Amino acid sequence: MKSAMRMSACGLFALALVGLGACGGTDDRPATWSYVHAAIIAPNCTTSACHSELSKTAGLNFETPESAYIFLTGRVCDGTTGVEPPPRNFVTPFRPAESKLMYLLLGTELETMPPDVPLPEADIDLIERWILEGAQCN
């Protein structure tokens with residue numbers, strides 16, 4: 001019993017240290033599409049019940065960086081438009097306040113995305129920074 005309590009106390013202490021470190025520092029993660037897709041979009045939005053190739057909820061498939069970028073920005077990675085199916089334009093480059101994606105992530109729309117567990121604030125901030133920097137496909 002004491003051993004389990006010690007392990008639990010050590011785990012809580014380690015978690016507290018990680019939390020304190022996250023609050024006090026700057027986010028050094030890159031605000032690049034390749035990072036945002038791999039670290040945030042793919043693991044949180046492409047679950048079997050959401051925007052995967054299998055389910056395509058709301059007609060959106062975010063499994064590959066290319067398909068997610070097209071659906072979110074209305075552009076392909078070379079910057080051209082005219083993509084089939086028609087883009088949804090959830091992201092307005094340089095303007096997070098005009099980007100529907102931000103409203104969905106922050107829960108200021110009818111529903112919050114992802115619906116089961118909202119993204120951590122640091123992840124939302126990184127997506128906002130990506131949009132502020134032009135929502136480039138890099």
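Everything quoted here is computed from the prediction, not taken from an experiment.
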Can you name the nearest heavy-atom pair linking [X] to [Y], along with the distance?
X: Pro43; Y: Thr47; answer: O-CG2, 4.2 Å
X: Phe94; Y: Leu132; answer: CD2-O, 3.3 Å
X: His37; Y: Ala68; answer: CD2-CB, 3.7 Å
X: Pro30; Y: Arg129; answer: C-NH2, 3.9 Å

Could you tabulate the donor-acceptor pairs under 3.5 Å formed by side-chain atoms of residues 114-128, not counting sequence neighbours?
from: Asp123; atom 1: OD1; to: Arg29; atom 2: NH1; distance (Å): 2.8
from: Asp123; atom 1: OD1; to: Arg29; atom 2: NH2; distance (Å): 3.1

Check: [X] side chain, [Y] main-chain N or O, donor-acceptor pair, under 3.5 Å:
X: Ser55; Y: Cys50; result: yes
X: Tyr103; Y: Ala97; result: yes
X: Gln136; Y: Gly134; result: yes
X: Ser99; Y: Met102; result: no
X: Asn138; Y: Trp33; result: yes

Subject >> Parallel, tilted or perpendicular, as decided by the 30° and 60° cut-offs, for the rings of Phe62 and Phe71 >> reply: tilted
Would you compute the distance between atom [atom1] of [X] and atom [atom2] of [Y] and round it to the nearest 0.5 angstrom?
X: Leu60; Y: Ser52; atom1: CG; atom2: OG; result: 11.0 Å
X: Met113; Y: Asn44; atom1: CE; atom2: CG; result: 12.5 Å
X: Asn61; Y: Glu53; atom1: CG; atom2: CD; result: 4.5 Å
X: Ser67; Y: Lys56; atom1: OG; atom2: NZ; result: 9.0 Å

